[in-house]
K.L.:
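Below is a structure I'd like to ask you about.
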Amino acid sequence: MSHELPKAYDPGAIEARWAEYWVAEKLFHVSTPDSAKNIFDLLLPPPNVTGRLHMGHMLNQTEMDIIIRWHRMRGENTLWLPGTDHAGIATQMMVERQLATENKRRQDMGREKFIERVWEWKRHYGGAILDQMKRLGASVDWGREYFTMDENLSVAVKEVFVRLYEQGLIYRGKYIVNWCPRCMTAISDLEVVHEETQGKLYEIRYPIIGSKDYITVATTRPETMLGDTAIAVNPKDERYKTLIGRVVRVPLVNREVAIIADDWANPEFGTGAVKVTPAHDPNDFAIGQRHNLAQINIMDETAKLNENAGPYAGLDRYAARKKVLEDLEKEHLLGHVKEHMLSIGKCDRCKTVVEPRLSTQWFVKIAPLAKRAIEVVEKGHIKFTPENYKTIYLNWMNNIYDWCISRQLWWGHRIPAWHCADCKQDTVAREAPAKCAHCASAKIEQDTDVLDTWFSSALLPFTTFGWPKQTKDLEVFYPTSLLITGFDILFFWVARMIMMGCWFMGDENKLDSLNDAQREEKLKASVPFREVYIHALVRDADRQKMSKTKGNVIDPIEIIERFGTDAVRFTLASMAAPGTDIAFNEDRTEGYRAFANKIWNAARFIFMNMDKAQQSGAWTAAGFDPAETPDAKTLEDKWILSRFHAVTQALDESLKAYRFDEAANAVYRFFWNEFCDWYIEIVKLRLNAGESDSDKATTKTALTFTLHIFEGSLRLLSPFMPFITEEIWHAVYDGKPPAKSIALTRYPVADSKLVNSATEAEMALLQSFIVDVRTIRAEMKVENKLKTPVETQAKDGIRKTLEQNLNSIQKLANAESLTFTEKSLANAAGAKVSPHYEVRVVYEQKIDVAAERERLTKELKKLEAEKDSAQRQLSNEQFMAKAPEKVKEGIKRRAEELAGLIAKIQSALAGLPKA
RNA sequence: GGGCGGUUAGCUCAGCUGGUUAGAGCACCUGCCUUACAAGCAGGGGGUCGUAGGUUCGAGUCCUACACUGCCCA
């Protein structure tokens, strides 16, 4: 048998191979289980079909993969469901851009041809992101991959729409919506991003009819005056009280409109009088509703002015603004113009300035859905981590507005509503109707709009399992266990999934007719997921947001090619402290690449010893059983076993709490600083014991033990670093592994009986002894190769530990010999004192008296400060009366130790030759 | 304007219900190619925990104010 591994770890040489293997072998496929017991499942937040993998995806998927691999290895039935989102606007724009290069427009092609073209695009380019995901090692069930426009999901979308419509929770109406003139569609409030911008506040004078006076209003969008149908003042505003009810002339269009009283007018802002344009401003729209004002729409879907704007028709909104201002100036009706900071809304997708515009759209009446979505979170049926997102969620949910769900696009789920040309009413139906449901007219046509992409993704937790059919999948997999996602889609997606899930999986509008207990049970089972873990943003090393324009985007694929997927995954995990953004730092990744290399070389070392022992007949691989804990023979064995189980326990707790950072750091430190730095170094002595039969027996037990811990560590590490652990794990079994993948083995289970604090304390003493000797040698500048005699004064118990581990001390501290003495060594050259022993390196070299004095003085100062503080506490009556026994005892003990140490150091200082 | 966070070593961040000497990685300094690993080993330096008060026997940790800073919503 041979375990030939290259000296340095090369992730590129193995990762692609394992990634393909996991997919090809369908290792993570789950068939429908019989019961909902012992299931752990989660949904991949579906990336846009047009998407390319970015660092945020990688963080998200790394976290999900760690969690799902961990649960899988705990023997749970795990399902991680992948899919992609059809991403209405994004995809349509992408294909339109492609068409533009062929000098084509979708309008010329017609709807059907265009949609066919999008599907074609999707077949060619769509889902590239899923291939990138495979490269990350994501252990999803590829056999269950979905697309939000799949036939079955489309059926479910229609079903939801029809039911909500029938329940009065979807309505159509003419309202002010956010309109993107570039995308030529309405967008929801959430799709508008607000930006502080330097603009201007214009004052315009409106002549009052029957007087020579004017009323002056202030506005940031003067062109909208062409659609004014009133002027509003605050009824409490003394300045304007007498003007209420008077009529003014809207300049340029010469329409006569009334001055009305409305609380919305803020006396503090501008002149206190505001123009009212119900068709182009949401607040003005509301005023219009209250006062029954006319709505005059002056813009078309491209934000050019229309025929209602008279002479300005055909002008773009900004050209019209310029012209309107010029014309007002000419008529001497333009007042002060001043600089003004204002917040303007831009389209999330294309960054075009959004125009509030009156149009007919479909809306979801959100209050009944929100009410239940608030209840489940308040009652803890859905748990948020970090907890503060609960507050953010509830805050938003309590101030929610109706959701505009129609989009004037072609790509998406078409709204299942048909308008009647005769009676003007809508027929909403699952299947295309032949005639109007109201007047039986055959002159009906389907609504041309499609649904907001988030409408269908809000349904995924149940539609992907077969809803509206009552499938076995739905029964066992719903609710999903967990959702891991970024805060950026908390409202877009998370909140809406909760609303939709709790409604459709919670008896819809019939829930409240259940009795209390039944209702509670139903409600609890209706949630789309039991827990939500929300992660932060991945930023660049300088904490800047990554963006294409800044050019600071880190491509995950590029970075994994340089450092290896495992190293990048480990970086993200180790920095994923909840609530804080990750400043992605390559230095850190470099460190974890070194960690992978460390694991690799530990494997090389162990394999080398396995081969050697096998050749000498000291050991056979056949006898190795990972499930069996071998007897711990020595201090180092007992210690590493204790540490292994303690770390296993710590990992368990950290992962339960989604503390990826804690988990990663714990396993890192264990493997490197404990297993490699101490255990392997010590066990080398036994591995190289010799050729006699008893030596071979020693080697055998040592090797078995080392392998036991090492193999267990690979399993501990495997969720974090699936590639390197898979590769090495297969090599451990020399190509004949007990399972197809380390991912299908069991995660180590902590045995608290094997965690032994006395053993750990004893080892800590041995370590500090060795470190002290090393420190003295370093200070005395003893050549590395030169072994030096060591003298020590130690109490019996400690002496025993040192004696029993003499070999380790000799090897690790470069000690030639260890002699015990009764006399104090504190005054001797090359000595160091500790509470438990005094140690001295015997080395004939003149010490640097000045340096030694400085070192001792510094040490003394530190210890005295500590002792003072301890003494202060001990002489404080309040402290002695109130502090817990444990704390008091600890301080008392420490104070005694300090007194001893201080005396010794003082004496050593006194013994130094005068300078 | 409303809400939520952050401020700890040169940098990036931990520090769990207040308790004995505030930690890690990177960077830095010194010495080592010790046959697993120089992507390594050993040793070392570096912090008045944003500021000012308060609660407490005891505060990085709890409270208040302020400063700076980030994000979300309007």
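Note on naming: letters A, B, ... go to the chains in the order of the sequence lines (proteins, then strands), and numbering restarts at 1 for each one.
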K.L.:
Check the distance between B:G18's C1' and A:Gln873's CD and give it to me in whole angstrom.
P.N.:
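Result: 13 Å.
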
K.L.:
Send over the distance from A:His194 NE2 to B:G1 C1', rounded to a whole Å.
P.N.:
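The distance from NE2 of A:His194 to C1' of B:G1 comes to 14 Å, rounded to the nearest Å.
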
K.L.:
Which nucleotide, if any, forms a Watson-Crick or G-U wobble pair with B:C16, using both distances under 3.5 Å?
P.N.:
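The answer is none; no pair meets the criterion.
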
K.L.:
Determine the Euclidean distance between corresponding P atoms of B:C66 and B:G1; express it in Å to zero decimal places.
P.N.:
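Taking atom P in both B:G1 and B:C66, they lie 13 Å apart.
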
K.L.:
What integer number of Å spans the P atoms of B:G25 and B:A65?
P.N.:
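My reading of the P atoms in B:G25 and B:A65 gives 39 Å.
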
K.L.:
So, do A:Ile187 and A:Asp348 sit near enough that their side-chain heavy atoms are less than 4.5 Å apart?
P.N.:
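When only atoms from C-beta onward are counted, A:Asp348 and A:Ile187 do not touch, as no gap falls below 4.5 Å.
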
K.L.:
A:Ala577 has a side chain; which of B:A14, B:A39, B:C33 sits nearest to it?
P.N.:
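Per side-chain heavy atoms of A:Ala577, the pick is B:A14.
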
K.L.:
Pairing check on B:U55: which nucleotide meets the Watson-Crick or G-U wobble criteria with it, both distances under 3.5 Å?
P.N.:
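For B:U55, the partner nucleotide comes out as none, under the 3.5 Å rule.
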
K.L.:
Could you tell me whether the phosphate oxygens of B:A39, OP1 or OP2, come under 4.0 Å of any side-chain nitrogen or oxygen in A:Arg593?
P.N.:
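Answer no for this pair, as no side-chain N or O of A:Arg593 is under 4.0 Å from OP1 or OP2.
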
K.L.:
Using atom P in both nucleotides, what's the gap between B:C63 and B:A22 to the nearest angstrom?
P.N.:
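Here B:C63 and B:A22 have their P atoms 24 Å from each other.
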
K.L.:
Could you tell me how far apart A:Ile392 (CD1) and B:C73 (C1') are, to the nearest whole angstrom?
P.N.:
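In whole Å, B:C73 C1' and A:Ile392 CD1 are 10 Å from each other.
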
K.L.:
Quick one: on RNA chain B, does A:Arg774 or A:Gly591 contact a more 5' nucleotide (nearest heavy atom)?
P.N.:
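Closer to the 5' end of RNA chain B: A:Gly591.
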
K.L.:
If you find the nucleotide of RNA chain B closest to A:Arg669 and the one closest to A:Gln878, which residue's nucleotide is nearer the 5' end?
P.N.:
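The residue mapped nearer the 5' terminus is A:Arg669.
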
K.L.:
Describe the nucleic acid contact of A:Arg659 in one word from base, sugar-phosphate, nothing, applying a heavy-atom distance below 4.0 Å.
P.N.:
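Touches sugar-phosphate only.
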
K.L.:
What's the closest nucleotide to the side chain of A:Asn585 if the choices are B:U12, B:C33, B:A42?
P.N.:
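In terms of side-chain proximity for A:Asn585, the closest of B:U12, B:C33, B:A42 is B:U12.
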
K.L.:
Taking atom P in both B:G70 and B:C26, compute the distance separating them and give it to the nearest angstrom.
P.N.:
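Looking at atom P only, B:G70 and B:C26 are 30 Å apart.
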
K.L.:
Rounded to the nearest angstrom, tell me the gap between atom CD1 in A:Ile582 and atom C1' in B:G70.
P.N.:
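Taking atom C1' of B:G70 as the reference, CD1 of A:Ile582 is at 16 Å.
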
K.L.:
Roughly how many Å is it from CD in A:Gln767 to P in B:A42, rounded to a whole number?
P.N.:
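Spelled out: CD on A:Gln767 to P on B:A42 is 11 Å.
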
K.L.:
Quick one: which of B:C26, B:C13, B:G43 gets closest to the side chain of A:Ala583?
P.N.:
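Within the option list, the nearest is B:C13.
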
K.L.:
Under 3.5 Å for both donor-acceptor distances, Watson-Crick or wobble: does B:G1 have a partner, and if so which one?
P.N.:
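Pair assignment: B:G1 / B:C73.
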
K.L.:
Can you say whether a donor on the side chain of A:Arg894 sits under 3.5 Å from an acceptor on the base of B:U21, or the other way round?
P.N.:
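Such a pair is found, so the answer is yes.
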
K.L.:
Give a yes or no on whether a donor-acceptor pair under 3.5 Å exists between the nucleobase atoms of B:A42, that is its base, and the side chain of A:Glu681.
P.N.:
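Absent.
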
K.L.:
Taking only side-chain nitrogens and oxygens of A:Trp600, does any of them come within less than 4.0 Å of OP1 or OP2 of B:G40?
P.N.:
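For A:Trp600, the contact criterion (side-chain N or O under 4.0 Å from OP1 or OP2 of B:G40) is not met.
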
K.L.:
Please determine, for the side chain of A:Glu662, which listed nucleotide (B:C16, B:U20, B:A36) has the closest atom?
P.N.:
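Nearest to the side chain of A:Glu662 among the choices is B:C16.
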
K.L.:
A:Met880 near the nucleic acid: base, sugar-phosphate alone, or nothing, with a heavy-atom cut-off under 4.0 Å?
P.N.:
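No contact.
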
K.L.:
Looking at side-chain heavy atoms only, is the closest gap between A:Ile498 and A:Val494 below 4.5 Å?
P.N.:
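Heavy-atom side-chain distance check passes, below 4.5 Å.
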
K.L.:
Does either side chain, that of A:Ser574 or that of A:Tyr592, offer a donor lying less than 3.5 Å from an acceptor on the other one?
P.N.:
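Their side chains do contain a donor-acceptor pair, which is all the 3.5 Å distance test asks for.
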
K.L.:
When we call it a touch if two heavy atoms are under 4.0 Å apart, what does A:Lys7 touch: a base, just sugar-phosphate, or nothing?
P.N.:
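Counting heavy atoms under 4.0 Å across all strands, the contact made by A:Lys7 is with sugar-phosphate only.
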
K.L.:
Just call it for A:Tyr9: base, sugar-phosphate, or nothing, with non-hydrogen atoms closer than 4.0 Å on any strand.
P.N.:
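It contacts base atoms.
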
K.L.:
Within less than 4.0 Å of OP1 or OP2 of B:U21, is there a side-chain N or O belonging to A:Lys861?
P.N.:
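It does not, given that no N or O in the side chain of A:Lys861 lies less than 4.0 Å from OP1 or OP2 of B:U21.
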
K.L.:
For B:U35, what is the paired nucleotide under Watson-Crick or G-U wobble rules, both distances under 3.5 Å?
P.N.:
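Pair assignment: B:U35 / none.
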
K.L.:
Could you go through the side-chain hydrogen bond (donor to acceptor under 3.5 Å, both in side chains) check for A:Tyr837 and A:Asp772 one step at a time?
P.N.:
CA-CA 11 Å; A:Tyr837 55 77; A:Asp772 281 346; 2.7 Å; yes

K.L.:
Whole-Å distance between B:A39 C1' and A:Phe570 CZ?
P.N.:
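So the two atoms are 15 Å apart, to the nearest Å.
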
K.L.:
Given side chains that start at C-beta, do those of A:Arg562 and A:Thr589 come closer than 4.5 Å, heavy atoms only?
P.N.:
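A:Arg562 does not reach A:Thr589 side chain to side chain.
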
K.L.:
When the distance from CG of A:Asp661 to P of B:G25 is rounded to whole Å, what number comes out?
P.N.:
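That distance rounds to 15 Å.
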
K.L.:
Counting only side-chain nitrogens and oxygens, does A:Lys684 get under 4.0 Å of the OP1 or OP2 atom of B:A36?
P.N.:
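Checking B:A36 against A:Lys684, a side-chain N or O does come within under 4.0 Å of OP1 or OP2.
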
K.L.:
Given the C1' atoms of B:C16 and B:C29, what is the spacing between them in whole Å?
P.N.:
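The same atom, C1', in both gives a distance of 35 Å.
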
K.L.:
Taking any heavy-atom pair under 4.0 Å as a contact, classify A:Asp677: base, sugar-phosphate, or nothing.
P.N.:
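Sugar-phosphate, backbone atoms only, no base.
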
K.L.:
Tell me whether A:Arg686 forms a cation-pi arrangement with A:Trp619, defined as NZ or CZ under 6.0 Å from the six-membered ring centre and within 45 degrees of its axis.
P.N.:
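No, A:Arg686 does not sit over the ring of A:Trp619.
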
K.L.:
Given B:C37, B:G31, B:C13, which nucleotide is nearest the side-chain atoms of A:Lys598?
P.N.:
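Nucleotide nearest to A:Lys598's side chain: B:C37.
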
K.L.:
Applying a 4.0 Å non-hydrogen cut-off, can you work out what A:Asn784 is touching in the nucleic acid: base, sugar-phosphate, or nothing?
P.N.:
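Base contact.
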
K.L.:
Could you give the distance separating B:C49 and B:G6 at their C1' atoms, to the nearest angstrom?
P.N.:
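Here B:G6 and B:C49 have their C1' atoms 14 Å from each other.
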
K.L.:
For B:A42, which nucleotide in any strand shown is its Watson-Crick or wobble partner with both distances under 3.5 Å?
P.N.:
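The answer is B:U30, by the H-bond criterion.
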
K.L.:
Please report the distance separating the P of B:U12 from the corresponding atom of B:A27, rounded so that it comes out in whole Å.
P.N.:
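One P to the other, the span is 15 Å.
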
K.L.:
Do the numbers put A:Lys598 on top of the ring of A:Phe675, so that NZ or CZ is under 6.0 Å from the six-membered ring centre and no more than 45° off the axis?
P.N.:
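Judged by the rule (NZ or CZ under 6.0 Å from the ring centre, within 45° of its axis), A:Lys598 is not positioned above A:Phe675.
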
K.L.:
If I pick the C1' atom on B:A9 and the same atom on B:C4, what distance separates them, to the nearest angstrom?
P.N.:
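Between the two C1' atoms, the distance is 29 Å.
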
K.L.:
Please determine, for the side chain of A:Ala594, which listed nucleotide (B:U12, B:A39, B:C37) has the closest atom?
P.N.:
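When the side chain of A:Ala594 is considered, B:A39 is the closest of B:U12, B:A39, B:C37.
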
K.L.:
A:Asp581 side chain to A:Ala536 main-chain N or O, any donor-acceptor pair under 3.5 Å?
P.N.:
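Looks like no, no N/O pair under 3.5 Å.
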
K.L.:
Ignoring the backbone of A:Ala8, work out which of B:A39, B:G43, B:C4 is nearest its side chain.
P.N.:
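Side chain of A:Ala8 sits closest to B:A39.
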
K.L.:
Which heavy atom of A:Ile400 sits nearest to which heavy atom of A:Ala370, and what is that distance?
P.N.:
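Minimum heavy-atom separation between A:Ile400 and A:Ala370: CG2-CB, 4.0 Å.
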
K.L.:
B:C66 pairs with which nucleotide, Watson-Crick or G-U wobble, both distances below 3.5 Å?
P.N.:
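Base partner found: B:G50.
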
K.L.:
How long is the line joining CG of A:Asp581 and C1' of B:U7, in whole Å?
P.N.:
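In whole Å, B:U7 C1' lies 15 Å from A:Asp581 CG.
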
K.L.:
Which nucleotide sits closest to the side chain of A:Lys858: B:A36, B:G40, B:G46?
P.N.:
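In terms of side-chain proximity for A:Lys858, the closest of B:A36, B:G40, B:G46 is B:G46.
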
K.L.:
Taking only the side-chain heavy atoms of A:Arg588 (C-beta and beyond), determine which of B:U12, B:C4, B:A38 contains the nearest atom.
P.N.:
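So the nucleotide nearest the side chain must be B:U12.
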
K.L.:
Among the nucleotides B:C4, B:C33, B:G44, which one has an atom lying closest to any side-chain atom of A:Lys785?
P.N.:
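That would be B:C33.
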
